[in-house]
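Worksheet: one structure, shown below.
Just so you know, these numbers use all the heavy atoms, side chains as well, and skip hydrogens, waters and symmetry mates. In what follows, chains carry the letters A, B, and so on, assigned in the order in which the sequence lines appear, proteins first and then strands, with residues in each chain numbered from 1.
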2 protein chains.
Amino acid sequence: MLNKKPQNFDFKKLLKDNKYIITPTRLAVIETFCKNNRPIGAEFICKKLNGKINEATVYRTLSSFEKSGILRKVDLRKDSTYFELNNDHHHHIVCTKCGEIEDFKENIEIEKLLKKVVVDSKKFKSIEEHSLELFGLCRVCN
Amino acid sequence: MLNKKPQNFDFKKLLKDNKYIITPTRLAVIETFCKNNRPIGAEFICKKLNGKINEATVYRTLSSFEKSGILRKVDLRKDSTYFELNNDHHHHIVCTKCGEIEDFKENIEIEKLLKKVVVDSKKFKSIEEHSLELFGLCRVCN
DNA sequence: TTCTACTTGCAAGTCGTTTGCATTTGTGAT
DNA sequence: ATCACAAATGCAAACGACTTGCAAGTAGAA
């Protein structure tokens, strides 16, 4: 879990805190997430880094960062997998036409409602994660 | 959109209402969804139907049923795509270990909260769909 | 500086899904 | 009933996202 604004934090410290060996690849991947403060996928990263990092390595890095909690997966109903820095809890509104994304904050009311769902549940007594994404047409596409 | 309990409705009427030619394949696919009242994917359908329907046809049928609104896609963080009869609005709690699924109803409070999100949004003035799925360990796996 | 375990690149493989094409089938008109 | 034709299906090949095995490179501790 990060606890600073994505734009300016110490990449190396983040890696060390998560017991990673510091490599140019890992620094570059984190930097790409910081520069583009929105969900991105493997293909985007490869393009942005100009093919300097191998595709397979990008996938391995993303998957590893997700396990350690640096990144979180986001379901955007696209054909490939998107990740995001796991720094603050929010969700997305996604334009189904142009792909435009707007964030919205998780709030206490939503949390309360989800807790109530779990209380009412017969099969579950706690939940660890949830996805909540809205889909529609943005003002431009509409 | 269906408006009857999934267990007992007229498959042929459903197809006709949606301007489909009635074929054994389509009837069998709908029936599989009715019998197994939960999200299922292409592989499951092929197995249940004993390979009587070609894999490619199953994919084509699912995709077509989704477009016409008979089915809805469900994001369950699995490696393949799951669908569900689009008959009543609900969400899921999914066990990340064994895959057990429990439904919970969409309620007015959740709808209100989501409407508020849209009101606060700068880029969107309405949404068409949303996903809301909870993930955790069920009582058995916990 | 050296050693070792971890990381990376490359190429091949996997898996879910899609597509092109030839054949079959449902349905409305005859 | 039968016909004609558009639509649906099966088959095999292709596709795209992702994974894996292995050999070579590299970070970091000693």
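- Counting only N and O atoms by type, the side chains of B/Glu106 and B/His90 include no donor and acceptor under 3.5 Å apart.
- Residue A/Ser63 places none of its side-chain N or O atoms closer than 4.0 Å to OP1 or OP2 of D/dT19.
- We find that CG of A/Leu27 is positioned 14 Å from C1' of D/dT26, with the value rounded to whole Å.
- The side chain of A/Tyr59 places an N or O atom within less than 4.0 Å of a non-bridging phosphate oxygen (OP1 or OP2) of D/dC18.
- Within residues 38-46 of chain A, no residue has any heavy atom under 4.0 Å from DNA chain C.
- Nearer the 5' end of DNA chain C, as judged by each residue's closest nucleotide, is the contact made by B/Thr81, out of B/Ile22 and B/Thr81.
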Review point. Which letter, B, S or -, goes with each nucleotide of nucleotides 2-15 of chain C from 5' to 3', with contact meaning a protein heavy atom under 4.0 Å?
Key: ----SSBBBB----
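- Looking at B/Arg26, its side chain never comes within 3.5 Å of a backbone N or O of B/Thr61 through a donor-acceptor pair.
- Rounded to an integer number of Å, the gap from B/Phe83 CZ to C/dG16 P is 14 Å.
- Regarding A/Lys78, its NZ atom lies at a distance of 19 Å from the P atom of C/dT17, rounded to whole Å.
- In terms of heavy-atom proximity, A/Cys46 sits nearest to A/Val58 at SG-CG2, 3.7 Å.
- To the nearest 0.5 Å, atoms OH (A/Tyr82) and CZ (A/Phe44) are separated by 9.5 Å.
- At distances below 3.5 Å, not a single donor-acceptor pair connects side-chain atoms of B/Asn18 with backbone N or O atoms of B/Tyr20.
- Ring pair B/His89/B/His130: centre-to-centre distance below 6.0 Å.
- Taking the side-chain contact (heavy atoms from CB on, under 4.5 Å) definition, one finds that A/Arg77 meets it with A/Phe135, B/Asp75, B/Glu129, B/Ser131, sequence neighbours left out.
- For the pair A/Glu133 (side chain) and A/His92 (backbone), a donor-acceptor distance under 3.5 Å is present.
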